[in-house]
2 protein chains.
Amino acid sequence: MVTKQFTGSPDEADLRRADSLAREIFSDVANKWALLIIEALGDRTLRFGEVRSEIEGISHKMLTQNLRMLERYGLVERMVHPVVPPRVEYTLTEPGQALRVTIDGLCDWTHRYLGHIEASRHRFDA
Amino acid sequence: MVTKQFTGSPDEADLRRADSLAREIFSDVANKWALLIIEALGDRTLRFGEVRSEIEGISHKMLTQNLRMLERYGLVERMVHPVVPPRVEYTLTEPGQALRVTIDGLCDWTHRYLGHIEASRHRFDA
DNA sequence: CCGTATCCAATTCGATACTG
DNA sequence: CAGTATCGAATTGGATACGG
């Protein structure tokens with residue numbers, strides 16, 4: 001009871017926790033490499049090197065880092081085949097697929113407004 | 001004809017240009033501050049300071065920088081009222097609104113899978 | 001082939017100060 | 001109030017090397 005007057009009701013505290021968590025997740029996921037990886041995977045199962053060659057310009061380090069993050073978040077599943085040379089495959093999980101749908105929307109948007117944006121940038125720079 | 005064997009057909013060249021442009025736009029837009037600003041604006045018209053207080057943790061510099069970029073891309077409109085003290089208002093344009101719809105999807109996704117993700121992270125860290 | 005670690009250059013970002 | 005510029009601190013990210 002004493003603490004309530006300082007921390008607010010439990011409900012409010014829960015909401016604040018959920019909000020800051022949502023914000024944290026949003027911030028991690030809303031970065032170009034993570035989104036491009038999700039998009040590259042699509043509904044396929046790809047090896048590390050295959051993902052890499054699907055995404056122009058991504059470095060080994062960025063790919064590992066983001067794949068690890070996505071695995072940690074449960075958005076991609078990592079399967080290690082105990083062979084030599086190593087074969088490691090990545091697939092989207094169900095949450096990952098759900099995210100992919102929204103990224104598809106973002107990609108569609110990009111292509112749809114390509115012209116608008118290019119023109120606007122040109123105007124702005126004048 | 002001579003150049004074709006080095007550059008490919010004009011159609012292919014156009015596609016490559018469009019692709020790299022799409023990628024450039026995607027990379028600029030897919031950053032947390034830009035997306036949070038779009039989301040904060042929604043269908044409202046907000047002053048600089050209002051946007052700032054809607055987005056916890058954004059610095060003056062980041063806000064200006066991203067607002068400028070979004071204006072350049074034609075996603076937000078900037079209205080300057082010639083009064084003192086200055087009053088500058090920002091609104092989403094039609095392309096900005098279209099983008100907002102897809103970001104709404106991303107936000108919904110975040111809240112929907114909050115629990116999954118939190119659990120998965122906890123498991124992973126063990 | 002895949003993953004981790006290290007080093008270091010480049011960029012990012014916040015804080016601050018100053019202008020209209 | 002809104003915007004720009006500047007300056008370090010901190011983070012990022014690429015290159016490289018080595019290990020399983």
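All values derive from a computational prediction rather than experimental measurement. Residue numbers begin at 1 in each chain, while the letters A, B, ... track the order of the sequences.
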**OP:** Answer with base, sugar-phosphate or nothing: what part of the nucleic acid does Arg52(B) contact at a heavy-atom distance below 4.0 Å?
**Re:** nothing

**OP:** Quick one: label Arg87(B) by what it contacts on the DNA or RNA (base, sugar-phosphate, nothing), any heavy atom closer than 4.0 Å.
**Re:** nothing

Round to a whole Å and report the spacing from [atom1] of [X] to [atom2] of [N].
X        : N       : atom1 : atom2 : answer
Ile55(B) : dG14(C) : CD1   : P     : 12 Å
Met69(B) : dC13(C) : CE    : P     : 11 Å
Leu63(A) : dT4(C)  : CG    : P     : 11 Å
Met79(B) : dG3(D)  : CE    : P     : 12 Å
Arg68(A) : dC2(C)  : CZ    : P     : 12 Å
Leu67(A) : dG3(C)  : CG    : P     : 8 Å
His81(A) : dG3(C)  : NE2   : P     : 12 Å
Arg72(A) : dG3(C)  : CZ    : P     : 17 Å

Less than 4.0 angstrom between a side-chain N/O of [X] and OP1 or OP2 of [N], yes or no?
X        : N      : result
Arg47(A) : dC2(C) : yes
Arg78(B) : dG3(D) : yes
Tyr90(B) : dC1(D) : no

Original post:
Under the 3.5 angstrom rule, does the side chain of Gln97(B) hit a backbone N or O of Gly42(B) as a donor-acceptor pair?
Top reply: yes

Original post:
Would a distance-only check, ignoring hydrogens and angles, find a side-chain to backbone donor-acceptor pair under 3.5 Å from Thr45(A) to Tyr90(A)?
Top reply: no

Original post:
Can Arg68(A) and Gln65(A) be said to form a side-chain hydrogen bond (donor to acceptor under 3.5 Å, both in side chains), step by step?
Top reply: CA-CA 5 Å; Arg68(A) 218 51 77 236; Gln65(A) 214 169 84; over 6 Å; no

**OP:** Take nucleotides 5-19 of chain D nucleotide by nucleotide from the 5' end and write B, S or -, depending on whether a protein heavy atom sits under 4.0 Å from the base, only from the sugar-phosphate, or from neither.
**Re:** -BB-----BBB----

Original post:
Are the aromatic ring centres of His60(B) and Phe48(B) under 6.0 angstrom apart?
Top reply: yes

**OP:** Tell me, please, whether Tyr73(A) has Arg121(B) positioned over its six-membered ring: NZ or CZ under 6.0 Å from the ring centre and within 45 degrees of its axis?
**Re:** yes

**OP:** Look at the side chain of Pro86(B) and decide which nucleotide, out of dG3(D), dG3(C), dC1(D), has an atom nearest to it.
**Re:** dC1(D)

Original post:
If you measure from the Lys or Arg side-chain nitrogens to the Asp or Glu carboxylate oxygens, is any gap between Arg72(A) and Asp125(B) under 4.0 Å?
Top reply: yes

Subject >> Distance-only donor-acceptor check, side chains Tyr113(B) and Glu118(B), under 3.5 Å >> reply: no

